[in-house]
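Since we're looking at a predicted model, the values are computed, not measured. Chain letters run A, B, ... following the sequence lines, proteins first and then strands; every chain starts at 1.
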Amino acid sequence: MVDALNQAVETAEAQTDASLPHVGSDGVSAPPSPSPATPAPEIKPANGAPAKTSSTGIPEPDRGGPLPPLDDALFPPCALNDRYLIYPSKALPDLNSPQALAYKAEDRREPGRPIFALICKPGLPIRTGLLKELRTQGIRGMLPMLDFGPLFWSPIDQTTIAIVFDRPLGGRMLQSTADRFTRITEYEISKVIFEPLSQAISELAVISYAHRAIRLDNLFYMDKERKNLVLGECLTSPPGFDQPAIYEPLNRAFAMPSGRGDGMIYDDMYALGILSLFVLQGNNPAARFSDDEMLSAKAEKGTYQAMCENERITASLIEPVRGLLADEEFERWNIEALDQWLNGQRKTPIQRRPATKPKAPFKFGARDHMTVRSIAQAFSKSVPEAIKIIRSGKLEHWLRTSIDAPEIADSLLEIMTIPKGHEASLDAADDVLVSKVCMRLDPHGPIRYKHFSFLPDGFGVAMAVEYLRKGNFQIPGEVLARDLIGFWAGVHEKKTVEISAIERSFISLRNFARINEMGYGMERCLYELNQTLPCQSPLLNKTYVDHIDDFLSAIDDIADHTDKRSRPMDKHIAAFIDTHFKYDVTPHLKALSDPHEETSLIGLLSLYALMQWRMKIPALYGLSSWLGGLLAPAIGTYHSRTTRRHIEQEIPALVRQGSLPELFDLIDNADRRTVDNSDFEAAQIAFAHAEVEIEGIVGEGIDQKKVALEAGERTTAMLAITLSMIATTVIIFATTM
Amino acid sequence: MARQQAQNTGQEELRRRGRSNLTWILLVLTCLVVLAGPTMVVLFLGMLPTVVALIIDRTKQKSTTFCVGSVNFIGVFPFIMTLWTDINTFDAAILTVSDIFNLLVMYSAAAFGWFLFLTMPPIISSFVIVLQQRKVAQLRGEQKDLIEEWGTEVASIVEMRKTAKQEQHMEHGVEGTGHHRGHRT
């Protein structure tokens, strides 16, 4: 989507994502005149620093403020799935999500039911898989979702996803975490926070999803009495995308927001721990730290210690808070542990093993680092200095002497030893070496490369966001080409099933990326990793096609208002089809990539014909007309002009039928082609024979007059001989008779 | 050098074959003179214009010889028939050829043969030229039809042949240049 491309989703800095330009700022999706006032969505991923400075210090993502009102007449309500009317002129800014704007909605079947709709910002990958699950299955303790679907949203003149929810009558639990709020006491917290939220987390876990948007500003009361607390939505952005870094476990917090990965129930439990701490304390105990400092403190002391060392936590709550904030997943409380605690079964508090303190800190970037994890994070942010200090051997020395980790030091030496002749290779570039060193120092942290930091399960979303932001796949492509994920898999001492699966998956992605043909390349990797991402083809920039069943009809719809000289195909479309279409289209894509225009066109037609036939789509008038107009070079593959004329005359009739298989049969009929070829060969031979004859008469070096005179002489001689024979016979007869 | 050697060998062969033919002709003529002397006398003296035509006709087809010879023979044959039906002796033969009127008949026939040969071929050749031009036009028309139906690619075989021919010429040219250079050195 063109708009989406122009919408930078995040900055390259992992923790300092910038806001995006408004949709419509490029004019493509600008609101229709005369109203300039649009609910221009602004995609601003959550970042470590709170959007607003507050006395509580609790970070929250920016959800945008009230928008200028839109004229009812200019922007009439839009219907979602023929049931829900969504009013563009009736914004509900209090219910905005960081990546979606809220509007009043109405259920045609149940008028009066309090509902609202979130309009997603186009381009950002949303959690379609979870949306589909929630359509059929409600999650207790979570804002009930009623329906969703693509919707043409008139204020931005673009199709995007709208999601309808039951309206929380009690509103948001905290309108803003920036303001002081009444602390929830240790007696209330179980009932008010832990019970509903653990209910939601466990029900999501049953369907194999994690919420990944559990934070204080995402809690709502469903009833006016403000008793029934629920978790807000987590559907309008990638998992963890809007979470301030403090809510994320260390390994995910180190990654950029789009690269945090799908996560698991453990990540939700961690966020619940942070949330409960904020609720209990009424502020953020780590507010004095910057993000980097907060993460370093967490890495060095452990989350619980870093967050609570100067806080007074009620004794009865130390156990769950410590359990939920455990940095190691295997130590962290799961739902069962929390349930047991809620049921009154007390456990012995976890005694966290303090991190081994180094004999001396490691100085880098004007800071003293006490752990390899914080060193890795600091290295990733200043590669030139990092490579200098690595090459100087100081890090290796520190690893051997201060923390007694000779095995890490040895493997760093191995990484930095470049075989002779490979010094100038891309694999030996500083960025690659530092990235590998970071992986070795922090194997459980994200892969960090050129400010592109991600966990392997978040690579797909990170790549999608990077593409939306920059319009190219440069850095994700380099990540694949340098096989950094293969290296990441190698630094893990124990190769788990998950790591092996990731490794295999990336091997196939590398193979896709290497092939520079239609249906492959980085576009293919994008759709393979983001199965629910809508097709990003510029041709489909105003529509939303995330399912192959909708693809042909979408192309058919745009045919009437698209330049018919362009082809209804590009690398995104080819990759999208190859990823989602269940039948083998390799030969079609091969033909499509052919440098010869006619072969490529036949490949294009055959691909769409196959799709129409397999998907049993009755008629595609627009697409047939579009393709019919492009087929001149394909028709030109027939030698016979008569055949060409015949085909040209037949095309309009088939276009009127909207049948691509028949159009393909007309253009590339095997029998007709065989006859054409054999007739053409015969014509070539006939032409050559005629030429030989002509050459014999008037060819080079032949004196036509001389030849004719010789022929005349021969003829005269023959005549004379004949005459002589006749005369002789007559004389013999006359004499003898 | 090789080509010149081959040429010389060919000429030698022709000369040898010519000598062999002459031997055979002389042998046959001797036999004929022995067996049919009077006829041979009339035939030889009556057909002298044909012998002249044979001598001056340097073409391979010998059309002049055949044309003059055939008509000349028509003039000579009645006298041979007279010899064969009346008295077939050398005296009768000498008598026949010594009669100026007889010779006039024979040589007039030869002259008619010459007349035929000089007048007919240009007439026939003009007809032939017209026919050939029509044939070429017809073939060109067929080729044009083929091009209209199949496009210029239909001439690809012809084009390929022409290209190959040109390449061959070029190669020969290069060889020739090399040959000359070789001579100089």
Requested in this report: Would you tell me whether A:Thr642 and B:Glu149 have side-chain atoms, one donor and one acceptor, within less than 3.5 Å of each other?
Outcome: yes
Report task. Please flag which part of B:Lys60 lies under 4.5 Å from any non-hydrogen atom of chain A: side chain, backbone, both or neither. Result -> neither
Query raised in the report: Heavy-atom distance under 4.5 Å to chain B: side chain of A:Val730, backbone, both or neither?
Result: neither
**Report entry** Heavy-atom contact with chain A under 4.5 Å, split by part of B:Arg140
**Finding:** both
Query raised in the report: At a heavy-atom separation under 4.5 Å, does B:Phe73 approach chain A through its side chain, its backbone, both, or neither?
Result: side chain
**Report entry** Shortest non-hydrogen separation from B:Ser70 to A:Ile721 and the atoms involved
**Finding:** OG-CG1, 3.2 Å
Report summary line: Between A:Ile685 and B:Ile157, the two heavy atoms sitting closest are N-CD1, 4.4 Å
Query raised in the report: Checking heavy atoms, do the side chain of B:Leu146, its backbone, both or neither come under 4.5 Å from chain A?
Result: side chain
Requested in this report: Apply side-chain contact (heavy atoms from CB on, under 4.5 Å) to A:Phe687 and B:Asp145, showing your working.
Outcome: CA-CA 10 Å; A:Phe687 189 94; B:Asp145 289 346; over 6 Å; no
Query raised in the report: So, for A:Ala688 and B:Val158, which heavy atoms are closest and what is the spacing to 0.1 Å?
Result: CA-CG2, 3.6 Å
**Report entry** Contacting moiety of A:Ile732, where chain B heavy atoms sit under 4.5 Å
**Finding:** both
Report task. Would you sort out whether A:Glu691 and B:Gln143 count as a side-chain hydrogen bond (donor to acceptor under 3.5 Å, both in side chains), showing the intermediate values? Result -> CA-CA 8 Å; A:Glu691 191 65 24; B:Gln143 283 186 324; 2.8 Å; yes
Query raised in the report: Do NZ/NE/NH1/NH2 and the carboxylate oxygens of A:Arg641 and B:Glu148 come within less than 4.0 Å?
Result: no
Query raised in the report: Closest approach of A:Glu693 and B:Leu139, non-hydrogen atoms and distance?
Result: CB-CD1, 3.4 Å
**Report entry** Which atoms of A:Ala734 approach chain B - backbone, side chain, both or neither, heavy atom under 4.5 Å
**Finding:** neither
